[in-house]
Amino acid sequence: MKNSVYHLRVTIFVGFILLIGSNNISHAKKIFYDSKSWIVNVAGDANILQDVGLESKINPIKVNVENPLNDSNYLKPKTLASMLTNEGYGKKLINALTANGTSDELLKKLAFKNVQKQDIEFATNTLIGGENENALTTYLKDEYLPILMHNYYCFLFNHTYEVPVTTKSGSKKTETRSIEYYAIYKVDVDSEEAFDIIASIGDPQRYNSLNFPVSFVSGGLVSKLEKNLEKDAPDLMLRGVLTQRNPAKISIGRNAGLKAGDLVSIYSQKTDKKGQPYSKRISRARVGKVWGNEAQMNFESNLAGNRKNGDVVVRTRDKHTRLGIMATWQPHVWGGQIFSDTKVSFTRSGIINHFLFDLSFSMTDKPGQKFISLEDANDIYKSPLFANAGLGYGISKTFLGYFDIMPFFLAQYEMAIMPKVEGSNTPLGSSVRIPIGIRFSFNVAYPVKFILEGGYTLKWGFGTDYQKIKQACEYLDAKRDGLFINAGFIF
C-alpha cells in the first residue's frame, strides 16, 4: 500500500514537471497561425483531436506503428522523439501517403480536398471548370507540398494506479484509478525535402535514401489537450480569415465544426527583428449566426481586425460560465456577493441571454447596535444580518468591443437573523426579493471585467419574526428594498 501511495506521488510530481516543461518549450517561440488552414494528416490516435472539435482539420492516416507510450516512458515524451526518428516513424507516415514511394494518387486526392477547402474559406475559384486532366494534375502537384509538410502522430496512454481508501465502515482497501496522457509528434519535412519526395516517387533508389526526423510538439493530460494546442500546435487549430467587417464575417462555419456562442480570436501577422513571422492577438469576438461555410461574429474584446490585412481568425477555448465577486450597497446596509453568470443562447445581432445565480451576505452599518424585545426584556439581540440566494435572467450586448450592457432581474430568498446576546429568543425572518437592474461590464484584461450595476429591489416579508427585523431596520434606517448599487469583478 505504501508503494501505491509513493507511486501516486511520483506520478503526480513527474506529470507536473512534464507539463511545466511542455509549457516552457511553447513559450520559447512565438505562435504563428498560417492564414491557410491546411488539412493535417494524423496517424495514431487521431480520434482524440477529433473529439475536441477538429474533425474538419484532421485527416486520419492509418500507419502500422506501435504506440510508444507505456508505463515505463509515458512521462518522457520529448526523449521518445529521437527513438521514433531512429525507428523510422517519419518515413513510415510518408510511405503511407506515397504507397511506399510508388504512387501519388493519395497525394492528389488530398491536394484536391485541400484546395477545395481553401477555395471555400477564401471565396476563390482556383479549379476552373473545363480544365483538362493534365493541367489539373500539374496544378495539384504544386499543392503536394502542404500535404507533405503537415503530418503528425498522436498517441494516447491510459495510466492506471492504485490508491488506498477507507470505507464508511472503517476498513481499508485499494481502488484502481486512471489518468489519460497524450503526446503529439510532427514529421519534420521542409519545402525542399517535400520536393525531393515528389521527385523520387517511382524512383526506388532515390526514395529509399530519404529519411525524416520526428519532433515532439505537445504532451500532457488529455484534459488539458485543447488548452495546450493553442500554444504548442497552432498548425492544428481550427481557423479561417476575416472576410467582412460590417457585419463582421469569417470564412469558417458549421462545416468546420463552428457553432453559435464559440469564441474566436483575431490575429494580425507580424515579423520579429530576425525576420520570423508570428501572430499577435488583436481582438476577440463571439460567433452569433453560423452557416455552412461562414459565420457572423460580434466583437467582444477590442474592435481590431482588417480583411485587407488577411487577419486570421482562430477558434479559442472558452467557458460559457464565469464566476464573480461584488460588494453590495443599499442605504445603511453593506455586503458581499459571489455569483455565476452562464451564457445560454446567442443571436446573430450579438445579443446574449444569461442565466444568473448568486449568494450574498450583508449587515447594517451599525452591526453592534443592541435591541431589547418589547415582549420580553430578557431577550437582547444585535442588529440584523442578511443572507440570500437567488436565480435570475439577463440579456446583454457588447458595444465598442470593451463594455457590455445587461438588463437583468433576480428572484431571491432572504433569511434575516438578529444574533442573540441574552435570552432565549433569536428572531429569524424570511422574505422574497426581486432585484431589477442594469449591469455595465468593462474589459480589464480578458476575461476579467469590472462590473457596476444598479437598480431597484422589490421585497415581501413573511414569518412571525419578520416584524421585529423590520422594526430594527426602520430604527437604523437600513433598507433591504428600494435602490441598490453593486460593484465588483467577473473572471
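The model shown is predicted, which means the values in this text are computed figures rather than measured ones.
Residues satisfying the side-chain hydrogen bond (donor to acceptor under 3.5 Å, both in side chains) criterion with N95, sequence neighbours excluded, are Y207. Listed by chain and residue number, nothing satisfies the ring-ring contact (aromatic ring centres under 6.0 Å, His included) test with F195 (two or more places apart in sequence, or in another chain). With sequence neighbours excluded, no residue forms a side-chain hydrogen bond (donor to acceptor under 3.5 Å, both in side chains) with K227. In this structure R315 satisfies the side-chain hydrogen bond (donor to acceptor under 3.5 Å, both in side chains) test with no other residue, sequence neighbours excluded. Considering only residues two or more places apart in sequence or on other chains, S345 meets the side-chain hydrogen bond (donor to acceptor under 3.5 Å, both in side chains) condition with N353.
Sorted by first and then second residue, the salt bridge (Lys or Arg N to Asp or Glu O under 4.0 Å) pairs with a member in residues 394-410 read D404-K449; sequence neighbours excluded.
Annotation: cation-pi pair K57/W38 absent, no NZ/CZ under 6.0 Å from the ring centroid and within 45° of its normal. Judged by the 6.0 Å and 45° rule, K92 forms a cation-pi pair with Y89.
Residues L80 and F155 have side chains not in contact (no heavy-atom distance under 4.5 Å, counting atoms from C-beta outward). Annotation: side chain of F440 is not in contact with side chain of E453 (no heavy-atom distance under 4.5 Å). You'll find the side chain of N41 reaches within 4.5 Å of the side chain of L110, heavy atoms only. For the pair P447/F491, no side-chain contact is recorded, criterion being any heavy-atom separation below 4.5 Å from C-beta on. At a threshold of 4.5 Å between non-hydrogen side-chain atoms, the residues S396 and H354 count as touching. Under the 4.5 Å side-chain criterion, counting only non-hydrogen atoms from C-beta, V52 is in contact with L225. Between Y267 and V314, some side-chain heavy-atom pair lies under the 4.5 Å cut-off. Between I201 and L107 the shortest side-chain heavy-atom distance falls below 4.5 Å.
Interatomic distance, CD1 of I198 versus OG1 of T98, reported as 11.0 Å (0.5 Å rounding). Atom CZ of F450 is separated from atom OG of S441 by 9.5 Å, given to the nearest 0.5 angstrom.
Evaluated for a side chain to side chain contact (heavy atoms under 4.5 Å, CB included) with L356, the options T342, L410, L391 yield exactly one hit, L410. In summary, of the residues considered (V217, D232, I48), a side chain to side chain contact (heavy atoms under 4.5 Å, CB included) with I184 occurs for V217 alone.
Between R239 and D34, no side-chain nitrogen of the basic residue sits less than 4.0 Å from a carboxylate oxygen of the acidic one, so the salt-bridge criterion is not met.
The backbone N or O of G261 lies less than 3.5 Å from a partner atom in the side chain of H320, making a donor-acceptor pair. Side chain of E230 to main chain of R317: a donor-acceptor pair is present (N/O by atom type, distance under 3.5 Å, no hydrogens or angles). Listed for the N151 side chain is a donor-acceptor partner under 3.5 Å among the backbone atoms of L148. Side-chain atoms of T85 come within 3.5 Å of backbone N or O of A81 as a donor-acceptor pair. Although no hydrogens or angles enter the test, the distance criterion places a donor-acceptor pair under 3.5 Å between the side chain of N67 and the main chain of L156.
Heavy atoms from other residues, nucleotides or ligands lying under 6.0 Å from CZ of R206 number more than 12.
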Exercise for review: Take R286 and E300, measure what salt bridge (Lys or Arg N to Asp or Glu O under 4.0 Å) needs, and give me the verdict at the end.
Suggested key: CA-CA 6 Å; R286 185 76 58 180; E300 196 164 283; 2.8 Å; yes

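Annotation: F157 is not in aromatic contact with Y181 [ring centroid separation under 6.0 Å not met].
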